[in-house]
Amino acid sequence: AAENMPKKIGYVVNYATHEWYQNVIKGMKDRAAQLGIELEVKDANLDVAKQVAGAEDFMAQGVDVLIITPVNEEGVVPLLRRAKAENMPLVLEGNPVKGMTTMVAICDYDTGYHAGVAAGQYAKEHLGGVAKVMNVGLPLLSATVLRSNGFMDGIKTEIPEATLVHDLDGGGNPDRALEVSSAALAQNADVNIIYGINDNSSLGGLQAWKAAGKSQDGLLVVGTGGEGLAFINAMETEPSYKIEAAMFPEKVGFTAVDAAVKVFNGEAVPEHIVSPTTPMIGADWKKYYSVEGTTRSINWDAVNGVKPADKCMKTAADLK
Amino acid sequence: MPQSVSSLAAAPAGPSLLRRLARRNEIALLLSLLAVIAFFALASDTFLTTRNLTNVLGQAALPLVAGIGVAIVFISGEVDVSIGSLVAAIAIPLITIMNATESFALGVAGALALGLAVGVVNGYLAAYLGINSLIVTLGTLFILRGGVYLYTGQRAIPDDVMLESFFQLGNGRLFGVVPHPAVIAVILLIAFAYFLRHRPFGRQLYAVGGNPEVARLAGYNVRRVKFVAFVISALLATIAGILLASRLGSAVHVAGLGFEFQVVAAVVLGGVSLSGGVGSLAGMALGVLILQFVSNGLGMLNIATEWQLVITGGIIIAAVAFDELKRRRA
Amino acid sequence: MPADPALRPAAEAAAAPALEMRGIGKRFPGVIALEDVDLVLAPGKVHALMGENGAGKSTLIKIMAGVYGKDAGSIRIGGRETELRTPRDALAQGLKVVFQEIALIGEFTVAENIFLEQYPVGRAGSIDWKRIRGEAAALFARIGFDVDPAAKTGDLPISQQQMVEIARALAHEARIVVMDEPTSSLTPSEVALLFAVIRRLTALGIAVVYVSHKLDEVFEIADEVTVLRDGRHISTKPIGAHDHDSLIHDMIGRRIENLFPRSRGHHKGEVVLSVSNLSTDAKLKDVAFEARAGEVLGFFGLMGAGRTELAKAIVGFDPIRTGTIAIGGRPLKPHDTRTGVSLGIGLLSEDRKGEGLMLELPVQQNMSLAALENFSRAGFVEEGRERSAVQSFVDRFRVKTPSLAQPIKNLSGGNQQKVLIARWLMRGLKVIVVDEPTRGIDVGAKSEIFALLDRLAGEGLAVVMMTSEMPELLGLSDRILVMAGGRITAGFERDAATQEKILNAAIG
Amino acid sequence: MSLVSDRSQIVLLGILALLCIAISLAAPQFYTGANVIAILRQCALVLIVATGMTMLLVAAEVDLSVGASLAFTGCVGMDVTNRTGSLVLGTLAALAFAGGVGLFNGLVVTRLKVNSLIATIATMMMLQGGVYLYTREAVQNLHQIRAFTELGAGYVGGLPIPVLIAALIFIAGFVALRFTTFGRYLYAVGANGKAARLSGLRAERLKLVAFLATGLLVGVAGLILASLMNAGQPTAGRGFELTVIAAVILGGTSLSGGRGTLVGTLLGVLVLKVIDNGIIILRWNQDLQMVVPGVVIILATWLDLVRRRRDAR
Ligand SMILES: Nc1ncnc2c1ncn2[C@@H]1O[C@H](COP(=O)(O)OP(=O)(O)OP(=O)(O)O)[C@@H](O)[C@H]1O
Ligand SMILES: Nc1ncnc2c1ncn2[C@@H]1O[C@H](COP(=O)(O)OP(=O)(O)OP(=O)(O)O)[C@@H](O)[C@H]1O
Ligand SMILES: [Mg+2]
Ligand SMILES: [Mg+2]
């Protein structure tokens with residue numbers, strides 16, 4: 001297909017210093033380089049106002065396509081309107097926004113759900129069919145709420161009497177997760193599964209468990225994201241860390257650039273372009289990633305082989 | 001004793017006009033701002049375009065508007081760090097009321113009512129009960145943010161009615177060129193600069209911050225002056241919050257996180273003293289613009305966030321240290 | 001009764017005293033500042049208010065100015081009973097005060113400070129800056145004070161700030177003008193100008209309250225004198241009924257035989273401080289002198305002559321450009337106060353509040369600050385020894401304080417000064433530099449401080465004294481150096497010095 | 001009670017007692033050993049840094065960079081231990097780094113005369129940027145040295161090691177501030193810098209030492225945090241500076257220098273952390289973890305003010 005290539009793509013990321021987005025950007029850069037496109041990134045650093053400013057600056061600089069990961073999905077509605085008024089093609093990453101053309105995203109609910117199913121199966125085999133869950137969650141974002149909900153729904157398909165003992169706000173960061181989990185475990189330690197909405201959260205929960213002086217026998221820890229090296233290290237060294245719901249950030253970036261090219265050419269695109277996820281159990285991670293020193297490389301063949309769902313089971317719209 | 005002795009005593013001569021001007025902090029700031037602009041104009045070919053410059057003005061409008069209030073509180077000898085949460089909180093009545101009534105004016109009235117209430121509470125606790133204002137406003141910063149999260153259940157509240165007037169307020173441009181927020185910021189700046197310089201109450205703010213005991217002896221109601229400063233600050237933060245809500249088209253619970261740091265840094269950079277009684281709105285505005293242009297320019301040069309943080313931090317230290325050195329020389 | 005003119009108006013005043021305070025009482029934590037005090041001011045008269053440090057003068061003034069509320073008593077202004085809850089109430093009644101502590105906004109211009117109480121406004125309520133500048137200049141011209149109305153007030157030396165204070169009290173319509181130690185930083189010529197102004201005020205029927213520790217001034221300007229002691233009313237008499245001794249007796253309850261005692265002979269020890277070729281960026285030019293153990297070396301100069309700067313430079317507080325300073329033969333290097341103190345030189349600053357006191361901290365910690373190492377072992381403070389040392393100084397100097405734990409801000413100026421002198425005596429020095437050591441201090445305490453400085457010299461210290469008080473200079477110094485424009489312009493032995501010669505050298 | 005000699009902590013003690021009673025009535029788990037230990041461990045990190053911060057505030061300075069420095073230090077400590085395989089070197093590197101940050105702050109404030117609030121906001125920004133230049137990812141524990149894990153998660157005689165470390169540091173700080181010339185000089189410098197200098201104190205040097213001490217204590221806390229999380233986390237420590245300062249202020253230390261005690265700070269830390277813990281134990285909405293401390297800080301400061309005014313009568 002002799003498509004026209006955009007010369008320059010501008011990406012306003014919500015939080016560039018986070019490992020997840022580091023890897024999204026990595027995937028974007030790889031794909032842009034393959035296609036001969038210049039990619040520029042501006043970081044909103046979790047500041048909604050700065051995000052709008054970043055997009056404005058890109059439009060002033062004259063990029064051909066904008067990709068945006070919203071800090072908050074409601075907060076970019078006027079921005080989309082202004083982009084449309086200036087005929088600026090725009091692709092969203094992560095979350096849907098009123099008035100958008102297309103969005104590239106994983107299915108958060110499905111991700112949690114499949115991890116939940118895997119956790120249920122594991123509990124049946126190794127934990128005597130008991131599932132008492134501590135969710136180290138993040139109510140701040142609809143995406144992370146969907147993951148937690150999916151996880152509980154998934155686990156219940158295997159163990160209907162599974163209970164949610166603690167539903168916590170770990171802030172998505174490790175020290176807060178640790179602190180909150182410690183308090184929760186002190187209140188009630190009758191828990192055998194720790195679920196974290198990202199790797200920081202699951203590890204924070206696990207560290208709280210260890211700090212309380214408990215053995216990891218009979219414990220299962222399930223993380224989400226597979227953002228960097230942390231989960232790999234945990235899966236290699238921590239006996240309880242058995243399941244990781246991998247979300248392949250590099251693949252998300254890769255797909256977003258492809259979508260940007262399509263939108264630039266005015267091609268028809270679905271509203272939601274799904275990027276694949278899958279639970280990795282035990283040593284599965286080695287199929288998708290290899291580690292050398294402190295860098296990990298993605299195995300594109302394996303990842304491209306994971307089939308994305310056509311449609312998410314549940315989305316943010318279902319939460320309201 | 002002859003009267004001439006006193007004129008023979010080595011009375012300090014007033015410094016010449018030129019010297020006085022050179023000592024003015026604003027001149028140094030203006031030169032720094034021009035240097036920043038010149039640097040980025042040379043380094044990037046998209047920086048010095050009308051579009052980009054007006055963009056930056058529009059982006060600077062929020063810290064400018066809120067900065068007026070923070071500067072006024074600083075001048076009165078107190079501090080206000082609650083604005084970061086306030087800009088997020090006032091969007092809630094604004095959007096909720098607009099959604100319910102489809103009236104922009106009613107929404108703004110609701111926002112102003114909340115802003116006023118916060119200003120009154122801050123002012124009452126700090127000025128009348130005498131609780132340290134950093135503690136008070138740190139407290140309201142936490143309380144308001146927590147309140148926003150509790151009220152919204154940590155979801156943004158979307159604007160369902162999409163009034164055109166509301167959209168235009170933050171997103172439109174006067175004559176298609178100057179963003180409306182910039183126009184509003186300039187009008188407020190001029191009005192408050194006049195107020196501080198030419199109204200007795202403006203001078204009372206300086207006097208109260210410069211030396212509260214003296215101000216009291218001169219017959220001022222020190223508490224009331226400080227109280228009013230907090231109310232002004234909250235109302236200006238409310239206006240900034242309304243502009244932000246328009247740019248975001250919703251009440252976003254995470255809006256304004258860290259905004260108070262950003263504004264305080266700019267205000268201090270602009271020469272408004274933390275110990276009260278010193279500073280001007282012109283200086284404050286230059287402080288805001290310098291930081292905004294640096295941030296924009298580094299973005300234009302495609303410099304990563306981590307470097308932007310390091311460079312901005314370095315600039316703040318260098319600028320304040322330079323100012324201090326200059327003052328010691330003088 | 002004699003036909004003293006000061007008494008005649010008393011009959012008229014009975015009809016309408018400008019101010020009548022009856023049975024005033026005021027207590028602070030641990031202190032009864034005033035008890036059952038009366039004060040009646042006649043229009044057109046100067047009423048002096050006298051008393052030792054801590055007698056309650058400033059407190060009484062602050063009550064009439066609405067700064068403090070009173071615990072007991074009543075106040076009538078112009079015959080009508082009034083409550084003065086805030087300074088604004090007093091100002092509205094036409095009562096203007098020149099406070100003991102300079103009460104100006106340092107960041108404002110002189111002209112703006114003058115109109116602080118009420119800005120003249122023009123159309124639409126905007127401040128009329130032109131009028132402010134014009135009227136301020138006219139006011140200074142009328143009084144004869146030499147102050148630039150456009151100068152930033154904080155940049156001015158204390159003496160000029162004091163002139164601004166005085167001018168401010170005169171800028172508005174007043175019925176009563178109160179001056180709490182207005183001349184503590186003024187030169188004699190400026191005092192003369194002030195007195196001319198006061199006479200003009202009284203001619204207009206304005207009542208004036210005048211507080212000063214300088215007896216000569218009081219005898220010159222006052223019509224009546226009220227004396228307070230320990231917060232109680234002792235006497236109110238026409239000035240003609242007093243002489244120096246009787247006034248002092250009323251104030252301190254005893255006589256002072258000799259204000260400038262001299263216990264030591266003319267023996268001079270070796271040179272302990274030698275300064276040569278000293279210049280600073282700001283003012284000092286090529287200053288050189290020596291001070292010997294056992295002598296009091298007096299420095300005189302007009303305001304701005306550079307005495308304070310010299311004092312701060314030789315103790316290592318302010319940087320110098322050139323020159324050497326040696327204490328006990330050892331050079332002050334590096335040039336900082338720590339080296340200075342360890343070599344044995346210390347400064348009693350003229351700015352008590354800004355450079356001496358730790359206002360919020362107790363008397364004990366204020367006094368022991370410089371000597372703390374004497375009471376410490378291996379870095380630990382031995383508080384028992386510290387406390388008893390502080391207590392012994394408090395007793396010896398008769399520091400009036402309810403306890404050693406009292407925050408020093410609650411002590412009167414004279415008592416604060418005693419604590420600060422004790423700070424250095426505790427430490428033990430070779431050279432003590434005292435800058436205006438008796439500013440704002442009553443005669444009783446003054447004589448104690450003089451005796452103290454004399455005794456210190458007798459014990460072998462070199463006392464370097466910067467002063468603007470001619471009697472103090474002549475009474476205490478063994479040798480006198482005069483400064484003008486940052487240089488030493490003359491030097492006199494005690495016996496060769498006269499007031500005329502000194503003033504001539506000071507004018508430069 | 002003799003420790004609380006100046007009675008300034010009565011209000012806080014009252015609040016703390018009330019909180020404990022109220023929470024334990026509603027949720028008996030509050031008094032379980034596990035929970036008490038969890039609370040103490042959370043107090044430990046804050047208390048360690050707050051000890052230094054109290055000294056700074058007494059000397060009329062402040063350090064807002066401690067949160068950012070905490071994260072950075074953990075990364076440095078973990079990374080150097082990984083590279084050298086030596087816990088000693090890793091610890092030294094972390095302490096050197098955090099001490100260096102403290103020294104930098106101190107020099108900027110004392111030499112360049114930059115207001116410490118603004119100087120340390122700037123340092124905070126530089127550290128936040130710098131840590132990502134140093135590492136984009138959490139630095140994993142590759143060395144698996146046992147002693148390192150023990151630092152955060154170990155116990156001695158039933159007490160968590162971080163709590164013991166914090167207790168030692170607190171006692172040392174308390175003694176230094178209360179009984180030594182150094183402590184007395186800090187108060188003097190904070191109360192009137194010029195008077196202190198005229199009395200032969202090296203005011204700038206003393207402030208520098210306080211900054212350095214705070215820096216080193218951040219280093220200790222950073223190592224403990226890295227051990228607790230089993231990784232050096234560049235994202236850790238957000239808002240930590242506000243928690244520390246809130247605790248110190250709550251403890252009655254004056255922002256304008258010259259006044260404050262470490263006993264107050266300890267109570268301040270306890271009050272804040274008991275509130276945090278109580279909200280989770282009571283299963284209240286966690287968003288209240290912002291609201292309640294805000295109210296308590298204002299309330300406690302006000303009550304203390306009322307008490308002092310009454311005492312002054
Ligand atoms: N704010 C205060 N708090 C506590 N005690 C005070 C306060 N102000 C004054 N005092 C005490 O009240 C007494 C009277 O003080 P006041 O200042 O009126 O003395 P004064 O006569 O003006 O002395 P001086 O000549 O030194 O100025 C003193 O013992 C003083 O320590
Ligand atoms: N033009 C000026 N601007 C700012 N400060 C000044 C000026 N002139 C004098 N000062 C300050 O006023 C104080 C007194 O100054 P200086 O040492 O020159 O005079 P002095 O001889 O001690 O006279 P006095 O203390 O009686 O005013 C010093 O602290 C000095 O810094
Ligand atoms: Mg007095
Ligand atoms: Mg002087």
Side-chain angles (χ1 to χ4, degrees), chain B residues 1-17 19-20 23-25 75-77 194-225 271-273 275-280 327-330, chain C residues 62 65-67 86-92 97 99 101-108 112-113 116-119 121 125-127 129 144-148 150-152 154-157 159-160 163 168 186-193 196 283 302-306 484-486 503 506-508:
Chain B
M1 182 121 332
Q3 296 212 353
S4 57
V5 176
S6 101
S7 49
L8 282 170
S16 73
L17 184 68
R19 284 275 294 282
R20 256 187 244 178
R23 257 187 8 195
R24 292 285 298 200
N25 176 36
I75 287 170
S76 83
Y194 161 80
F195 167 76
L196 283 183
R197 175 73 193 144
H198 294 289
R199 305 300 290 199
F201 191 83
R203 303 312 295 169
Q204 292 196 7
L205 282 165
Y206 279 93
V208 159
N211 192 332
E213 195 47 40
V214 172
R216 203 167 89 81
L217 295 178
Y220 297 174
N221 188 337
V222 173
R223 291 174 170 186
R224 204 192 49 164
V225 172
V272 182
S273 158
S275 42
V278 181
S280 71
R327 206 168 306 176
R328 265 190 288 173
R329 283 281 157 70
Chain C
K62 286 183 179 167
V67 178
T86 66
R88 213 167 358 157
D89 298 344
L91 291 168
V97 185
F99 288 98
E101 309 288 341
I102 301 276
L104 299 170
I105 308 286
E107 287 292 323
F108 283 4
E112 186 172 2
N113 263 306
L116 206 57
E117 283 163 18
Q118 195 168 20
Y119 290 92
V121 289
S126 291
I127 297 175
W129 287 109
F145 282 167
D146 186 15
V147 180
D148 175 9
K152 192 171 125 186
D155 287 344
L156 297 178
S159 56
Q160 296 218 354
M163 294 184 220
R168 183 158 73 129
L186 298 191
T187 60
S189 61
E190 288 151 2
V191 174
L193 290 175
K283 195 176 279 171
L302 297 178
M303 162 211 105
L503 271 175
I507 292 168

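All figures in this text were calculated on a predicted structure; none of them were measured in a lab.
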Q: Identify which part of B:Tyr206 has an atom lying under 4.5 Å from any heavy atom of chain C, answering side chain, backbone, both or neither.
A: both

Q) What part of C:Glu107 is in contact with chain B, defined as an atom under 4.5 angstrom from a non-hydrogen atom: side chain, backbone, both or neither? A) side chain

Q) B:Arg216 side chain to C:Pro87 main-chain N or O, any donor-acceptor pair under 3.5 Å? A) no

Q.
Using every non-hydrogen atom in the two residues, find where C:Val121 and B:Pro200 come nearest and quote the distance to one decimal.
A. CG1-CG, 3.7 Å

Q. Rounded to the nearest 0.5 Å, how far does CH2 of C:Trp129 lie from CZ of B:Arg203?
A. 4.5 Å

Q: Look up atom CD in C:Glu117 and atom OH in B:Tyr220, then write down how far apart they are to the nearest 0.5 Å.
A: 8.0 Å

Q.
Ignoring hydrogens, what is the shortest heavy-atom contact between C:Leu104 and B:Val214? Give both atom names and the distance.
A. N-CG2, 3.6 Å

**Q.** Part of C:Gln118 within contact of chain B (heavy atom distance under 4.5 Å)
**A.** neither

Q) Of all of C:Ala92, C:Gly106, C:Gly486, C:Ser126, which one pairs up most often with chain B through heavy atoms under 4.5 Å apart? A) C:Ser126

Q | Heavy-atom proximity to chain B below 4.5 Å, by part of C:Leu91 | A | side chain

Q. Rounded to the nearest 0.5 Å, what separation is found between the CG atom of C:Leu116 and the CG atom of B:Leu217?
A. 10.0 Å

